[in-house]
Number of protein chains: 2
Amino acid sequence: MLNYSTSEENYIKAIFHLQQADGNVTTNELAAELKTKPASVTDMMKKLKTKKLVHYRAYHGFRLSADGTKLALIIIRRHRLWEFFLAEKLKFSWEEVHAVAEDLEHVSSKKLIDKLDEFLSFPRFDPHGDPIPDSNGKIETSKQVCLQDLPLNKLAMVSHVSDQSKEMLELLGHKKIGIGTKLEVKRKFNFDNSLEIKIRQPRRTSPDQPPINISEQLSNNIFAKYDE
Amino acid sequence: MLNYSTSEENYIKAIFHLQQADGNVTTNELAAELKTKPASVTDMMKKLKTKKLVHYRAYHGFRLSADGTKLALIIIRRHRLWEFFLAEKLKFSWEEVHAVAEDLEHVSSKKLIDKLDEFLSFPRFDPHGDPIPDSNGKIETSKQVCLQDLPLNKLAMVSHVSDQSKEMLELLGHKKIGIGTKLEVKRKFNFDNSLEIKIRQPRRTSPDQPPINISEQLSNNIFAKYDE
DNA sequence: AAAATAATTTAGTTTTGTCTAAAAATATTT
DNA sequence: AAATATTTTTAGACAAAACTAAATTATTTT
Ligand SMILES: [Mn+2]
Ligand SMILES: [Mn+2]
Ligand SMILES: [Mn+2]
Ligand SMILES: [Mn+2]
């Protein structure tokens, strides 16, 4: 496999994330995401097109080619494995890992990443709850759902938090909810769409806690997974 | 502390290593070391001079300034800690670590390196036996000596091997000598300057092995440390 | 279907790091 | 102390990645 520059890799990864939502990605969108200017994006798209990493028609946006997607998954794998390493082994906090992984992800030795994966015992999720692609680029297509859409009385695991503002983290900290927290939605009140949830203690240390209340705004930003 | 490019860091590190031997470093020397052209070196020296990282007078070579030396030690610290990590935790072999560390050394988070250091329990030497600068940039000025210059019957530890060719590694492997091996020189034969050495077993597993013979060429490439 | 607006591309620069070929300085021979 | 050889620097070009300002295309309004 060829070698790509840090800049090319950052573009490819950003396109991958943007097209999860949209499908087709737009010059201005990508410029905003990468904090660069639209003109720079156009230049790069021309280059990535000649390298066959994106499909691109001038004025009509772009999306990753098969090769581009493969590359994106390699970079995401590196990023998330390093994040896991930083959090798990070096005891970095949740919010700190991303910035450092943003650099580490561009060290391109395949052997390094596969050995790191093994050293970490093949973790399946990064500290933000996002799935880590395996060494073949296969990624769990998680049917992740926001708390509002969770069936009642079904045990689920918090896997993602979309808003990571200070205020959000403060609230989550207070309610003792984080990535990996297991919980059940017990009731849903139609008046304000607030939820009553029960948090399952990690290792049955203390007895069951009383159910707590979650506002609609908060529940819309918390995502979880469950079986079936 | 400011941030430097990968290229600038590679130059600084290379100058540091070259001036260990020489004192004053020369344009051609550095170009050879970095596999680049003399004209490129001159360009970079002008830049590093304006950044006050080197002392440089046209046509008269250069050496690191105090700031340049400080930077070099930071990069060497990163390089050797990553090498230790790769060898110790990811089970990379001795010869593989350098190339990967050559990239990792340019990820510049101070916190990353200090936490990595702690995670590794503050190792003092990299897998090649070279000392690792501490977080203040202090490096062990090891009075390392080649086997030829070792006093007789003094226990010493192999700390460095200057030639790392395949042939050399094959020979070392056969004689069961590596970084960290403890040994004593028992005799020196003036006819061919060959040595008779005794290898101290790591944990007295087997009884003392019989002494082995080392040629002058081999002994000149093995360095060791001893007390006092 | 024009006109107006918004999005995108093009043209022309800039910075960083590299290169080749020619010129200048230094070192070595004779 | 010249002449010659070697080393180093300068001059001019190039590729990558960014930017600004102007031109072009697409979309929305009227
Ligand atoms: Mn990045
Ligand atoms: Mn993440
Ligand atoms: Mn390097
Ligand atoms: Mn080393």
Side-chain angles (χ1 to χ4, degrees), chain A residues 2-15 18-19 21-64 68 71-72 75 102-103 105-108, chain B residues 2-15 18-19 21-64 68 71-72 75 102-103 105-108:
Chain A
L2 272 109
N3 239 56
Y4 298 98
S5 72
T6 292
S7 200
E8 290 170 329
E9 291 189 347
N10 284 335
Y11 273 89
I12 290 292
K13 197 179 57 152
I15 297 170
L18 288 175
Q19 67 180 25
D22 279 40
N24 206 52
V25 183
T26 227
T27 303
N28 274 357
E29 266 181 314
L30 186 50
E33 173 80 13
L34 290 172
K35 292 168 185 6
T36 184
K37 297 291 139 90
S40 308
V41 170
T42 300
D43 286 347
M44 184 59 92
M45 286 314 106
K46 287 195 219 158
K47 185 161 46 134
L48 295 183
K49 184 185 181 175
T50 73
K51 295 195 176 185
K52 298 197 187 282
L53 294 173
V54 300
H55 299 295
Y56 168 53
R57 227 182 85 222
Y59 295 103
H60 291 275
F62 32 83
R63 53 181 211 290
L64 294 181
L71 177 57
I75 302 162
E102 204 54 53
D103 287 338
E105 72 186 358
H106 304 291
V107 175
S108 65
Chain B
L2 272 108
N3 238 56
Y4 298 98
S5 73
T6 293
S7 201
E8 290 170 328
E9 291 189 346
N10 283 335
Y11 274 90
I12 290 292
K13 197 179 58 152
I15 297 170
L18 288 175
Q19 68 181 22
D22 278 42
N24 207 52
V25 183
T26 228
T27 303
N28 273 359
E29 268 181 312
L30 186 49
E33 174 79 14
L34 291 171
K35 293 170 185 5
T36 182
K37 295 293 140 86
S40 309
V41 171
T42 300
D43 287 346
M44 184 59 91
M45 287 313 106
K46 288 195 219 159
K47 182 159 51 132
L48 295 183
K49 185 186 181 173
T50 72
K51 295 195 176 186
K52 299 197 186 282
L53 294 173
V54 300
H55 298 294
Y56 168 53
R57 227 183 85 222
Y59 294 103
H60 292 274
F62 32 81
R63 54 182 209 292
L64 295 181
L71 176 57
I75 302 161
E102 204 54 55
D103 287 338
E105 71 186 359
H106 303 293
V107 176
S108 64

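In what follows, chains carry the letters A, B, and so on, assigned in the order in which the sequence lines appear, proteins first and then strands, with residues in each chain numbered from 1. As the structure is a computational prediction, the values presented were derived from the model and not from experiment. Heavy atoms only: backbone and side chains are in, while hydrogens, waters and symmetry mates are out.
Looking at the side chain of Thr42(B), the nearest of the listed nucleotides dT9(C), dT10(D), dT9(D) is dT9(D). Considering only the side chain of Asn28(A), dA7(C) comes nearest among dA7(C), dT26(C), dT9(C). Minimum atom distance to the side chain of Met44(A) is reached by dA18(D), of the listed dA18(D), dT18(C), dT8(C). Checking dC19(C), dT9(D), dA26(D) against the side-chain heavy atoms of Tyr56(B) singles out dT9(D) as nearest. For Thr27(A), the side-chain atoms get nearest to dT9(C) when compared with the rest of dA7(C), dT10(D), dT9(C). Comparing dC19(C), dT18(C), dA18(D) against the side chain of Thr36(B) picks out dC19(C) as the nearest. If you check dC19(D), dA26(D), dA25(C) against the side chain of His60(A), the one that comes closest is dA26(D). Taking every side-chain heavy atom of Asp43(B) into account, dT10(D) is the closest of dT8(D), dT10(C), dT10(D). Here the nucleotide nearest the side chain of Ser7(A), chosen from dT8(D), dA18(D), dT20(C), is dA18(D).
At whole-Å resolution of the value, CZ in Phe62(B) and C1' in dT9(D) are 12 Å apart. Atom-to-atom, CE of Met45(B) to P of dT18(C) comes out at 10 Å; the value is rounded to the nearest Å. When the P atom of dT18(C) is taken as reference, atom CG of Leu34(B) falls 8 Å away, rounded to whole Å. Between Tyr59(B) atom OH and dT9(D) atom C1' there is a gap of 4 Å when expressed in whole angstrom units. Atoms CG (Leu30(A)) and P (dA7(C)) sit 15 Å apart, rounded to a whole Å. Nucleotide dA16(D) holds its C1' atom 15 Å from the CG atom of Asn3(A), rounded to whole Å. One atom, CG of Leu48(A), and another, P of dA16(D), lie 12 Å apart when rounded to the nearest Å. In this entry the distance linking CG of Asn10(A) with P of dA16(D) reads 17 Å, nearest Å.
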Test side-chain contact (heavy atoms from CB on, under 4.5 Å) on Asn10(B) and Glu105(B); report intermediate values, then the result.
CA-CA 10 Å; Asn10(B) 283 335; Glu105(B) 71 186 359; 3.3 Å; yes
Trace of the side-chain contact (heavy atoms from CB on, under 4.5 Å) decision for Leu53(B) with Ile12(B)
CA-CA 8 Å; Leu53(B) 294 173; Ile12(B) 290 292; 3.9 Å; yes
Salt bridge (charged side-chain N to carboxylate O under 4.0 Å, His left out) between Lys13(A) and Glu33(A), intermediate numbers included:
CA-CA 11 Å; Lys13(A) 197 179 57 152; Glu33(A) 173 80 13; over 6 Å; no
Walk me through whether Tyr4(B) and Ile75(B) qualify under side-chain contact (heavy atoms from CB on, under 4.5 Å).
CA-CA 11 Å; Tyr4(B) 298 98; Ile75(B) 302 161; over 6 Å; no
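At a threshold of 4.5 Å between non-hydrogen side-chain atoms, the residues Tyr11(B) and Ser5(B) do not count as touching.
Residue-level contact check: Ala58(B) touches the backbone only, with heavy atoms under 4.0 Å from sugar-phosphate atoms and none from bases.
The side chain of Lys46(B) contributes no N or O atom lying less than 4.0 Å from OP1 or OP2 of dT9(D). Within the 4.0 Å cut-off from OP1 or OP2 of dT20(C), at least one side-chain nitrogen or oxygen of Lys37(B) is found.
Summary of the strand contacts: Tyr11(A) and Arg57(A) both lie near DNA chain D, and taking for each the nucleotide with the nearest heavy atom, the more 5' one is attributed to Tyr11(A).
The backbone N or O of Leu48(A) lies less than 3.5 Å from no partner atom in the side chain of Glu8(A), so there is not a single donor-acceptor pair.
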